[in-house]
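The next block holds one structure in the form of structure tokens; read it before the comments.
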Amino acid sequence: MDQQSQLLEAATDFAHYPGSHSDDSATQFLNRFPLPLIINALRTQFDVPGLETTLVLCLERLFKTKFGASLIPQYMSFVQVGLQADSQAVRSLACKTVTCLVENLDNSYTVAAHLIKEFNIYPLLLDCLINGDEEVAAGAINAIQKLASFPEGMGIIFPSSKGGDTDLGVIASQCSSLGRVRVLALVVKLFSVSMSAASAIHSLNLLSLLEAEIRSTDDTLATLSVFELLYELAEVEHGSEFLSKTSLFQLLSSIISDDSKDSFLRSRAMMISGRLLSKEITYSFIDEPCAKTVISSIDERLQSLDPSNRDEFETALESLGQIGSSVRGATLLLSGTLPAARHVIYAAFDRQGPEKHGRQLAALHALGNISGETRSENFIKLDAEAEENLLRLLYETASRSSKLTPSGLFLSVLQQESEIRIAGYRMISGLVSSPRCLMEICSRQEIINIVTDPSTETTKIGMEARYNCCKQIHKSLTQSSGVSADPTFAGIKTKLEEAVGMGPYLHKKRVEAQPIVMTADRF
């Protein structure tokens, strides 16, 4: 009992030590309490209040040191038993110990793979993934993800023979809804590890599991979970190449167009579509009709949406903005006699009532993307047809309003509250790549006064947005021979140069402290 209380006290101090442990502190602790003693106490004294939790935390921190991790190969039987323990805390510890083993063997991946095979660790990790609690499942995914980071580990996860106990497709078909979602989460994590892992997943047709889960279930929560995984998958650098080989785009389009689906599901489908089509590389792997189908489904949804459905409307605008951040996407949005981008432009300058604030904000940011604010540094411009349609929509919108000209619309945006102004700066930064828009902006002195005045904004993000807008106008004015040659704009060019030279944060009128001399009061 005395030794047990000493162990509990020392383990508590070790587990809650502020900062990281050195190899020396780990050695000192194990000299006093050898690892077999700690493991035995964890196995036999689980009924002592607080002992299990403390020892688990202590061992976690111990195995994260270089010295502690070097001992793991000698105690693989403990890891094996721990992965099968009734205690969720011990199972979580065992999963994390596998991660420490792989991370701290000085790149001796052959040794790690041999130990994991010898002690049958990988099937036990899969069991923890499916049957453990949330923390255990997360620990199992992390361990398997680390295992996939080297070729020998890939051979364990994706053996040459199919249909075994570790076949992820078979496992997903046999477990509960929660288990399937966890298997799918593992597939997504493995997909993001490397191109070779993604290739293996594609060749085993594991990506189709995500599509099948969406199609086969009426469980909205399960579907949302899969959508979150798809959203994560769409962000993977090499994701576009493999996702384009599936029927994912057709599935997303059908969900967006389906009135019977929950509004939130349609919104997530739009956001996933936007994220995928925001990458230029995606268009190297999909044909144009496929992208047009997705855009058309969002276009039709915007036409049919009830005005009261604000969230879905704003999400649709945001997704169009994401698509428009790529040149190919922006070109498709601005093609045809009724371009899908018209929804963005109409909403960007519609401020009828406070309920449209969010819609206008989303539309302004989307218009900034479509017009090229995110592409301005690369000097990538829209083609002639897309630019002409953009200008036509701007002039049509202006003619239907009291502002009459695009410059009037731009000024009205910059005269609103800070949040709208910041979005307006982004929009103008993109639009100035067009000589006609640049002419509209430079012809309105009030716009130039706002973007060159350091006192216009009081927040850091606002100051930087205003300054970037000012820089972009100046750059476009310098590069546009037709506009810059106009003598009426000479003063504006000078004013912009001075504003750019001042930087984003410097106020034009700096008030210095002044001594005041006055007659002393006399009694």
Side-chain angles (χ1 to χ4, degrees), residues 181 184-185 188 210-236 239-240 243 246-279 282 290-326 329-330 332-333 339-348 350 354-370 419 423:
V181 171
L184 295 177
V188 172
L210 285 90
E211 297 179 48
E213 185 67 16
I214 293 173
R215 286 192 171 99
S216 64
T217 183
D218 293 326
D219 185 345
T220 301
L221 289 177
T223 306
L224 280 176
S225 297
V226 178
F227 270 144
E228 292 306 313
L229 294 175
L230 281 175
Y231 194 68
E232 183 180 339
L233 199 62
E235 190 64 14
V236 177
S240 300
L243 290 174
T246 68
S247 58
L248 177 61
F249 285 103
Q250 292 85 341
L251 176 60
L252 292 172
S253 295
S254 65
I255 292 172
I256 294 168
S257 304
D258 191 346
D259 292 328
S260 64
K261 293 290 185 183
D262 186 273
S263 175
F264 196 72
L265 291 180
R266 290 196 299 267
S267 295
R268 295 311 289 170
M270 286 187 234
M271 292 305 293
I272 293 166
S273 301
R275 178 171 277 197
L276 286 169
L277 294 176
S278 67
K279 302 176 182 178
T282 301
C290 181
K292 282 184 174 180
T293 300
V294 175
I295 292 172
S296 178
S297 63
I298 300 174
D299 184 358
E300 292 170 3
R301 174 54 48 189
L302 281 166
Q303 290 183 65
S304 62
L305 268 178
D306 189 293
S308 62
N309 196 337
R310 293 164 56 184
D311 291 340
E312 189 174 350
F313 202 105
E314 290 170 19
T315 300
L317 294 174
E318 288 172 11
S319 64
L320 291 180
Q322 280 193 306
I323 295 171
S325 59
S326 64
L332 291 176
L333 290 175
R342 71 189 185 281
H343 299 289
V344 173
I345 295 173
Y346 295 160
D350 182 5
E355 72 280 355
K356 292 189 177 180
H357 172 86
R359 186 179 302 183
Q360 184 186 18
L361 186 63
L364 286 168
H365 280 296
L367 183 52
N369 289 345
I370 294 169
E419 197 175 27

Approximate separation, where rounding is to 0.5 Å, of L265 CG and I214 CD1:
9.0 Å
Hey, is the main chain of S254 close enough, under 3.5 Å, to the side chain of K261 for a donor-acceptor pair?
no
The reported gap from CG in L229 to CG in L184 (rounded to nearest 0.5 angstrom) is 6.5 Å
My understanding is that only residues two or more places apart in sequence, or in another chain, count here; which of them pass salt bridge (Lys or Arg N to Asp or Glu O under 4.0 Å) with E300?
none
Is there a side-chain contact between R359 and D350 (heavy atoms, below 4.5 Å)?
no
Value for CD1 (I295) from CG (L332), rounded to nearest 0.5 Å, stands at 4.5 Å
side-chain contact (heavy atoms from CB on, under 4.5 Å) filter on V294, not counting sequence neighbours, yields F249, S253, S273, L277, I298
Sequence neighbours left out, what passes side-chain hydrogen bond (donor to acceptor under 3.5 Å, both in side chains) with D258? Give chain and number order.
S260
Do F264 and D311 have side chains that approach each other closer than 4.5 Å (heavy atoms only, starting at C-beta)?
no
Closest non-hydrogen contact found for A330 with G324 is CB-O, 3.5 Å
Can you list the residues that meet the side-chain hydrogen bond (donor to acceptor under 3.5 Å, both in side chains) rule with E232, with sequence neighbours excluded?
K189
Taking the side chain as every heavy atom from C-beta outward, state whether M271 and E318 have any atom pair closer than 4.5 Å.
yes
Atom of A234, atom of L243 and distance for their closest heavy-atom approach
CA-CD1, 4.3 Å
Quick one: which of D299, V344, N369, L367 gives a side chain to side chain contact (heavy atoms under 4.5 Å, CB included) with L320?
V344
Return the set of residues passing side-chain contact (heavy atoms from CB on, under 4.5 Å) with S225 (not counting sequence neighbours), or none when no residue passes.
V181
Find the distance between CZ (R268) and CD1 (I255) and round it off to the nearest 0.5 Å.
12.5 Å
Pairwise distance CD1(I256) to CG(L251) - rounded to 0.5 angstrom:
9.5 Å
Which residues share a salt bridge (Lys or Arg N to Asp or Glu O under 4.0 Å) with D259, sequence neighbours left out
R301
Heavy atoms of E213 and A222 approach each other most closely as OE2-CB, 4.4 Å
Among all residues two or more places apart in sequence or in another chain, which pass the side-chain contact (heavy atoms from CB on, under 4.5 Å) test with Y346?
R342, L393, E396, T397, R400
What pairs with S263 under side-chain contact (heavy atoms from CB on, under 4.5 Å), at least two apart in sequence or on another chain?
R266, S267, N309, E312
Check each of L233, I323, L248 against L276 using the side chain to side chain contact (heavy atoms under 4.5 Å, CB included) test, and report the only one that passes.
L248
Partners of R275 by side-chain hydrogen bond (donor to acceptor under 3.5 Å, both in side chains), sequence neighbours excluded?
Y231, E235
Return the CD to CD distance between E314 and Q360, rounded to the nearest 0.5 Å.
11.0 Å
Please examine the side chains of V188 and L210, heavy atoms only from C-beta on, and report whether any two atoms are closer than 4.5 Å.
yes
Exercise: identify the closest heavy-atom pair between S325 and S278
OG-CB, 3.4 Å
By side-chain hydrogen bond (donor to acceptor under 3.5 Å, both in side chains), which residues pair with T315, not counting sequence neighbours?
none
